[in-house]
Structure formats: structure tokens, C-alpha cells
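The chains referred to below are lettered A, B, ... by the order of the sequence lines, with proteins before strands, and numbering in each begins at 1. Quick caveat: nothing in here was measured; it's all calculated off a predicted structure.
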Amino acid sequence: MRGMHDRLPEEMRRLEKVILIIKNVFKKYGFEQIETPALEYWEFLSGKDRYGEEEKLIYRFKDRGGREVGLRYDFTVPLARVMATYTDITLPFKRFQIQQVWRGDSPQYGRFREFYQCDADIVGSNSMIAEAECISINYEIFSLLGFKEFKIRINNRKILQSLCNYCQIEPDIQLQVFRAMDKVERIGIDGVAEKLELHNVPVEKRKKLIDILQDCKQISDLKKVLKNEPGVTEIIEIFRLLSYLNVPQKDYCFDIWMARGLDYYTGPIFETAVKKPKIGSLASGGRFDKLVEAFKPGHIMPATGISIGLERVLVAMKELDLCPTPDTYVKVLVAIFDPSHIEQTMQIAYKIRNCGIQTEVYAQPDKINTQFKYADKRKIPFVIIVGPDEVKNKCFTIKNMATGKQQAKKMSDLIIWAKSILDK
RNA sequence: GUGAGUGUAGCUCAAUUGGUUAGAGCACCGGACUGUGGCUCCGGUGGUUGAGGGUUCAAGUCCCUUCACUCACCCCA
């Protein structure tokens with residue numbers, strides 16, 4: 001399938017390793033895991049304050065009962081649905097979700113139609129503590145994964161809205177303006193101006209806006225234009241909290257141009273990117289205070305969160321060589337020396353497996369040479385052999401594949417030996 | 001979804017203006033080494049040239065269709 005791929009053991013091991021790191025950080029911050037179905041009713045996925053124009057990228061079809069359904073496009077909308085449905089959930093609710101999402105996009109480097117995302121969101125909190133926690137998680141994950149040069153850019157939709165209002169840009173085209181701004185790195189300031197022109201923003205308005213944006217290198221620069229702007233106070237608060245959480249200043253920054261394209265953001269927004277490889281953002285997120293309400297009118301429920309693009313992270317890590325493939329988890333290969341000693345051989349496997357050691361019995365009576373080659377190729381650290389000599393002497397032979405050394409041990413020492421390699 | 005490029009062995013790549021039976025390295029399999037992997041040496045298997053159709057005496061090479069990948073646009077993780 002276009003934009004989708006099979007994942008063989010080697011890549012699965014890599015994926016599993018990365019997921020484990022991410023999961024542990026989520027848990028470290030007290031988040032609980034949930035899952036939601038791959039399919040959602042179309043009416044939940046579409047409409048105002050959801051994905052905006054991206055709606056056309058949602059896989060949509062009729063189920064056998066003729067109902068309009070769609071594959072989930074992200075976890076934020078399903079989360080809002082969950083919050084609107086289960087009203088007895090204790091707030092603030094901190095949940096994480098690691099599953100696949102589907103987007104009918106044209107596939108490119110680091111861009112797929114089916115991919116894993118890892119989301120962590122906090123529902124029910126208006127406080128910037130929630131933002132700070134999410135950004136801190138974001139920071140911890142990227143540094144634990146081994147990224148050296150990444151930047152978490154932070155902005156606020158409230159600021160952008162206020163700026164648009166200040167420049168008298170109508171609300172109904174503001175999202176288009178945001179999307180144009182977001183592209184500044186690629187198309188330059190003139191490019192942004194052209195886009196604004198395309199969306200019928202008059203010369204004087206777009207000039208005014210771009211001038212402000214250009215002048216605004218840091219958050220304090222905004223105070224001249226926007227007085228008592230809540231969005232500015234929020235960002236300052238987030239920065240203060242981040243310093244308490246010891247998130248290094250070099251890894252995050254305020255960026256007035258970073259705007260995000262999704263419709264549902266209402267407050268602080270963030271995006272994580274690396275310089276190399278050229279792959280777009282690896283993680284993103286923001287506040288979506290009105291989304292739950294969209295499912296249940298009157299049910300006011302502020303929320304904020306981050307989303308990590310696992311698939312893209314894996315591509316980037318591969319490119320930067322941050323992700324050596326872990327060796328197989330199998331610790332011991334029990335070789336089949338010859339079928340007449342199968343009883344002793346299988347019993348050994350049984351016993352060491354019961355010690356909690358991942359043990360593979362070679363699956364057919366091939367030549368011993370072949371079996372050693374197999375162990376070598378799969379990087380299984382130990383091979384156990386039980387042949388005529390061993391049976392005669394009531395012992396078993398262990399070969400350490402890394403050192404090449406082997407020794408015979410008494411059968412009665414099997415469990416002791418097994419336990420000795422448990423921690424290795 | 002629109003436009004452009006690429007597609008040759010499991011992988012990385014060769015193959016003259018269209019011209020014999022499509023090659024090499026690595027990988028794989030076998031042997032040297034019949035109770036032992038890596039290293040070395042020797043030998044071997046491996047291809048509907050992405051797929052389908054067309055032009056031609058002759059197609060990996062030219063044309064059309066389709067699929068996959070890459071790039072740009074759109075947009076995003």
C-alpha cells in the first residue's frame with residue numbers, strides 16, 4: 001500500500017525501543033495510557049474547529065450499515081470525544097496514547113499515510129503548568145532519544161489573533177494567514193507577503209502585520225504593540241515554569257512566526273524540529289480549549305498536549321545514526337545436536353526458560369555448523385549443546401559466542417548458570 | 001489531489017547511438033573445517049530489467065498504461 005509499510009523484526013526492535021523510552025517519560029510525569037478505535041463516525045471527525053482544510057485528507061468511507069466513518073486522523077479529536085462521553089473522569093486528566101493514525105497525504109520522505117503518533121495531553125487545566133509539563137516531557141524525550149540539536153519553538157494563537165485583529169485582518173481568513181506565516185522558513189518573508197496577497201489581505205494590512213512580526217524577536221518586543229495581552233503573559237509564565245523544571249534555555253524559544261495549521265488550537269502552541277535531516281517537524285502540540293465543547297455544548301473543558309511523530313523520529317534517528325538496532329532479545333540457543341538426544345535437549349530448554357531466560361530451541365535438526373551460524377547471525381549470546389559426551393557425563397556444554405570460549409558444566413549446575421546470566 | 005524525476009539479483013550499482021546468452025561487489029548457499037560461528041581461500045545459486053501492453057528484424061534502452069519510491073506544490077508527524 002502506498003505510504004504504508006511492512007515492519008520486519010529489525011525495525012520492530014528499533015520501534016519498540018523508542019516507544020519504551022517515550023512511554024517511560026510519559027509515565028514519569030504521571031500520564032495514563034488509553035486507546036481509542038481506529039474508526040470514528042464521520043460527523044465527529046469533520047466540521048468546524050476540528051482539522052480545518054485538512055479534513056480532505058481523512059480516509060472516509062461507508063461501513064456495511066451505510067454509516068459514514070473515517071480513520072482517525074490524530075488523537076486530539078478522539079480525546080475530546082472521550083472527554084465529552086465519560087463525564088466522570090477525574091480532572092485534571094493526564095492521558096497518553098500511542099497508536100497509528102492515517103492521513104491521505106501524498107507520501108514523501110518522512111511522510112506516510114499510516115504512522116504512529118505518541119500523544120500526551122492534560123485535560124481540565126487552564127494553568128500554564130500543563131503547558132510547562134508537556135514541553136518538559138517533549139524536551140526529555142528528545143534528549144533521551146539522543147538528539148543533540150533540536151529546538152522547541154513556542155508561540156501563542158492568542159497573540160497571533162490579537163495581532164491579526166490589531167491589523168484589522170478578518171477572523172475568517174486568520175487561519176490562512178497563520179498557515180502562510182508558518183512557511184516563512186521555506187518561502188521567506190516575501191513569500192509570506194505573496195501568500196497574504198493571494199488571500200486578499202490588503203497591502204497596508206499585510207505590511208503592518210509583517211513589520212510587527214519582523215520586529216518581534218523575543219516575547220518582550222510584543223509589549224509595545226499588545227498591551228495587557230493574555231497570550232504574552234502566558235508565554236512568560238511558561239518560560240518561568242520551564243526554568244523551574246530545568247529545561248535548558250538553548251532547547252526552546254519563542255517564535256512569532258510559528259503558527260501551526262490546525263484549526264482547533266486556541267492558546268499556546270509548540271513545535272519541535274531538527275536542522276538535519278530536512279524532514280519537517282518531529283513533534284508538535286498546543287492548547288485546544290474549545291474542542292471538548294464542540295462535542296458537548298456547554299461542557300467547558302480546557303486542554304493542552306503534545307504529539308510526537310514517532311515515524312518521523314525514527315527516520316530522523318536513522319539518518320543521524322542515533323538508533324543502533326538492538327540485538328535480539330533471545331539469550332540462549334539450544335542446539336539440536338542429534339535427534340537421539342532430543343529429550344535432554346528439550347528439558348534443558350524447559351528448565352532455563354523457567355528461570356526467565358528467553359530461550360530458543362533450534363527448530364530442526366540441521367548440521368551443528370549451520371546452527372552455530374544461525375546463532376552468530378542472530379547475535380544470540382549463548383549456545384548450549386547436548387551431545388553424546390554430555391549425556392554420558394551428565395553435563396551440558398555452553399559456548400559464549402562473543403568470546404568463543406566454551407565449557408562443560410554439570411547438569412546439576414544448570415539453574416545456577418541460568419540465573420547467573422539473567423542480569424546480563 | 002496536481003506537476004516533475006527514478007525504477008536492473010536480497011542490497012549498492014554497471015551494460016556503447018536500440019544489437020549475441022544482462023555483469024560486478026557485498027549478501028546468500030556449498031566446500032576446505034564430517035562436535036562449532038566470525039577470518040581466509042575455492043566453487044555455486046540467484047533476474048519475467050517494477051508490472052502490463054505497443055513500436056522494431058532486434059527493447060534494460062523508444063512509446064503508452066499502471067504500481068512503487070523520490071522531489072516540488074498543498075499540508076503535516
Side-chain angles (χ1 to χ4, degrees), chain A residues 1-6 8 10 22 51-58 72-76 98-119 138 141-142 175-176 178-180 182-183 186-187 191 195 198 258-263 265 269-274 277-286 306-316 333 335-338 341 362 366-392 396-408:
Chain A
M1 284 299 284
R2 190 161 158 77
M4 309 187 180
H5 48 261
D6 299 320
L8 301 181
E10 196 176 297
I22 294 174
Y51 302 116
E53 272 179 38
E54 286 187 65
E55 193 176 298
K56 61 177 187 287
L57 298 180
I58 302 173
R72 80 176 155 244
Y73 183 88
D74 69 358
F75 302 134
T76 312
I98 302 174
Q99 285 179 275
Q100 275 132 316
V101 299
W102 294 268
R103 296 182 186 181
D105 225 341
S106 172
Q108 267 175 50
Y109 180 68
R111 192 156 128 189
F112 311 96
R113 289 184 164 178
E114 174 182 69
F115 56 96
Y116 275 95
Q117 274 196 285
C118 310
D119 275 35
N138 195 151
I141 287 173
F142 277 82
L175 189 65
Q176 299 303 332
F178 298 163
R179 288 182 172 171
D182 224 20
K183 293 188 180 65
R186 232 178 43 243
I187 62 177
K195 294 256 176 208
L198 217 73
M258 195 278 291
R260 313 277 316 134
L262 291 170
D263 217 356
Y265 292 123
I269 44 178
F270 10 95
E271 185 170 286
T272 309
V274 286
K278 196 172 160 275
I279 198 172
S281 61
L282 298 181
S284 69
I306 52 149
S307 176
I308 294 164
L310 186 45
E311 219 81 31
R312 240 179 224 185
V313 164
L314 280 168
V315 171
L333 177 75
I336 306 289
F337 184 82
D338 83 68
H341 301 105
Y362 192 80
D366 281 340
K367 284 190 305 184
I368 203 72
N369 191 325
T370 308
Q371 300 189 41
F372 271 99
K373 280 187 177 170
Y374 174 85
D376 181 54
K377 217 173 298 169
R378 291 203 51 205
K379 296 198 174 120
I380 299 173
F382 296 100
V383 176
I384 288 183
I385 304 126
V386 183
D389 297 348
E390 285 83 0
V391 171
K392 199 188 337 171
F396 61 100
T397 298
I398 307 154
K399 176 151 182 170
N400 181 326
M401 294 298 281
T403 63
K405 285 181 183 154
Q406 66 179 54
Q407 61 181 132

- Determine the interatomic distance between P on B:rC64 and the same-named atom on B:rC28; round to the nearest Å. 41 Å
- Classify the nucleic acid contact of A:Gln117 as base, sugar-phosphate or nothing, counting any heavy atom under 4.0 Å across all strands shown. sugar-phosphate
- Using whole Å, report how far CD of A:Glu10 lies from P of B:rG10. 18 Å
- Query: For RNA chain B, what are the stems built from at least three Watson-Crick or G-U pairs in a row, each pair having both distances below 3.5 Å?
  - Reply: B:1-7 with B:67-73, B:10-13 with B:23-26, B:28-32 with B:40-44, B:50-54 with B:62-66
- Message: Taking any heavy-atom pair under 4.0 Å as a contact, classify A:Gly285: base, sugar-phosphate, or nothing.
- Response: nothing
What nitrogen or oxygen pairs link the protein and nucleotides 40-46 of chain B at under 3.5 Å?
none

- Query: What is the nucleic acid contact for A:Ile385, judged by heavy atoms within less than 4.0 Å: base, sugar-phosphate only, or nothing?
  - Reply: base
- Query: At under 4.0 Å between heavy atoms, what does A:Lys399 touch on the DNA or RNA strands: base, sugar-phosphate, or nothing?
  - Reply: base
- Query: Do any side-chain nitrogens or oxygens of A:Arg113 fall under 4.0 Å of OP1 or OP2 in B:rC69?
  - Reply: no
- Query: Which is true for A:Tyr374 with a 4.0 Å heavy-atom rule: it touches a base, it touches only sugar-phosphate, or it touches nothing?
  - Reply: nothing
- Task: Measure from the side chain of A:Phe337, starting at C-beta and using heavy atoms only, and say which of B:rG35, B:rU36, B:rA77 lies closest.
- Result: B:rG35
- Note on the structure: When rounded to whole Å, the CG to P distance for the pair A:Asp338 and B:rU36 reads 14 Å
- Query: Looking only at atom types and distance, does a side-chain atom of A:Asp263 sit under 3.5 Å from a main-chain N or O of A:Tyr51, one as donor and one as acceptor?
  - Reply: no
- Message: Between the base of B:rA77 and the ring of A:Phe115 - centre-to-centre under 5.5 Å, planes within under 30° - is that a stack?
- Response: yes
- Message: For the backbone of A:Gln100 and the side chain of A:Arg72, can you confirm whether one donor and one acceptor N or O come within less than 3.5 Å of each other?
- Response: yes
- Task: Assign A:Asp389 to base, sugar-phosphate, or nothing according to its heavy-atom contacts below 4.0 angstrom with the strands shown.
- Result: base
- Item | Sequence-distant partners of A:Arg111, side-chain contact (heavy atoms from CB on, under 4.5 Å), two or more places apart | A:Asp105, A:Gln108, A:Arg312
- Does A:Phe115 have any ring pair (Phe, Tyr, Trp, His ring centres under 6.0 Å) partners at least two apart in sequence or in another chain, and if so, which? none
- When you check the phosphate oxygens OP1 and OP2 of B:rU34, does a side-chain N or O of A:Lys367 lie under 4.0 Å from one of them? no
- Query: Do the side chain of A:Gln406 and the main chain of A:Ile398 share a donor and acceptor less than 3.5 angstrom apart?
  - Reply: no
- Query: Looking for any heavy atom pair under 4.0 Å, which part of the strands does A:Gln371 touch: base, sugar-phosphate only, or nothing?
  - Reply: nothing
- Query: Within the structure shown, what part of the strands sits under 4.0 Å from A:Glu390 by heavy-atom distance: base, sugar-phosphate, or nothing?
  - Reply: base
- Message: Any N or O donor-acceptor pair under 3.5 Å from the base of B:rC75 to the side chain of A:Arg179?
- Response: no
- Task: Identify whether any heavy atom of A:Gly104 sits under 4.0 Å from a base atom; if not, whether one sits that close to sugar-phosphate; answer base, sugar-phosphate or nothing.
- Result: nothing
- Taking OP1 and OP2 of B:rU34, is either one under 4.0 Å from a side-chain nitrogen or oxygen of A:Asn369? no
- Query: OP1, OP2 of B:rC69 versus side-chain N and O of A:Gln108: anything below 4.0 Å?
  - Reply: no
- Note on the structure: By nearest-nucleotide position on RNA chain B, the 5'-leaning member of A:Ile187 and A:Glu271 is A:Ile187
- Item | Within-4.5 Å side-chain heavy-atom neighbours: A:Ile269 and A:Met258 | yes
- Start at the 5' end of RNA chain B and walk down; is the nucleotide closest to A:Lys377 or to A:Tyr116 reached first? A:Lys377
- Query: Tell me: CZ of A:Arg72 to P of B:rA77, nearest whole Å?
  - Reply: 15 Å
- Message: Using atom P in both nucleotides, what's the gap between B:rC26 and B:rG44 to the nearest angstrom?
- Response: 15 Å
- What distance, rounded to whole Å, do you find between the two C1' atoms, one in B:rG53 and one in B:rA15? 25 Å
- Task: Rounded off to whole Å, could you give me the CZ-to-P distance for the A:Phe396 and B:rU36 pair?
- Result: 20 Å
- Message: Can you tell me which nucleotide in B:rG38, B:rG1, B:rA77 comes closest to the side chain of A:Ser106?
- Response: B:rG1
- Task: Assign A:Ala335 to base, sugar-phosphate, or nothing according to its heavy-atom contacts below 4.0 angstrom with the strands shown.
- Result: nothing
- Message: What's the gap between B:rG7 and B:rC63 when it is taken at their P atoms, as a whole Å value?
- Response: 13 Å
- Query: Does A:Arg113 offer a backbone N or O that forms a donor-acceptor pair with the side chain of A:Arg103 under 3.5 Å?
  - Reply: no
- State which residues pass side-chain hydrogen bond (donor to acceptor under 3.5 Å, both in side chains) with A:Asn400; sequence neighbours excluded, sorted by chain then number. none
- Specify the separation, in whole Å, of atom CG of A:Leu198 and atom P of B:rC75. 10 Å
- Message: At 4.0 Å (heavy atoms only), tell me whether A:Arg186 reaches a base, stays on the sugar-phosphate, or touches nothing.
- Response: base
- Message: I'd like the P distance from B:rA32 over to B:rC69, given in whole Å.
- Response: 45 Å
- Touch check for A:Thr370, heavy atoms < 4.0 angstrom, all strands: base, sugar-phosphate only, or nothing? nothing
- Task: With P as the reference atom in both, quote the distance from B:rG35 to B:rA14 in angstrom, rounded to an integer.
- Result: 47 Å
- Looking at residues at least two apart in the chain, or sitting in another chain, which of them share a side-chain contact (heavy atoms from CB on, under 4.5 Å) with A:Ala283? A:Asn138, A:Phe142, A:Thr272, A:Ile308
- Message: Applying a 4.0 Å non-hydrogen cut-off, can you work out what A:Ala402 is touching in the nucleic acid: base, sugar-phosphate, or nothing?
- Response: base
- If we take the P atom in both B:rG60 and B:rC41, what is their distance in whole Å? 35 Å
- Message: Distance check needed: B:rG37 P versus A:Gln406 CD, whole Å only.
- Response: 10 Å
- Task: Give A:Arg103 one of three labels, base, sugar-phosphate or nothing, depending on what nucleic acid heavy atoms sit under 4.0 Å from its own.
- Result: base
- Which residues share a side-chain hydrogen bond (donor to acceptor under 3.5 Å, both in side chains) with A:Asp389, sequence neighbours left out: none
- Using whole Å, report how far CG of A:Leu57 lies from C1' of B:rA77. 13 Å
- To the nearest angstrom, how far is A:Tyr109 atom OH from B:rC71 atom C1'? 13 Å
- Check whether any side-chain heavy atom of A:Asp119 sits under 4.5 Å from a side-chain heavy atom of A:Ile306, and report yes or no. no
- Query: Quick one: side-chain hydrogen bond (donor to acceptor under 3.5 Å, both in side chains) partners of A:Gln371, sequence neighbours excluded?
  - Reply: none
- Message: Nearest 0.5 angstrom please: A:Ser281 OG to A:Arg260 CZ, how far?
- Response: 5.5 Å
- Message: Taking the C1' atom in each of B:rC71 and B:rC62, what is the distance between them to the nearest angstrom?
- Response: 25 Å
- Task: Please check the phosphate of B:rA77 (OP1 and OP2 only) for any side-chain N or O of A:Ser284 closer than 4.0 Å.
- Result: yes
- Task: Check side-chain hydrogen bond (donor to acceptor under 3.5 Å, both in side chains) between A:Tyr374 and all other residues, then give those that pass, not counting sequence neighbours.
- Result: A:Glu360, A:Arg378
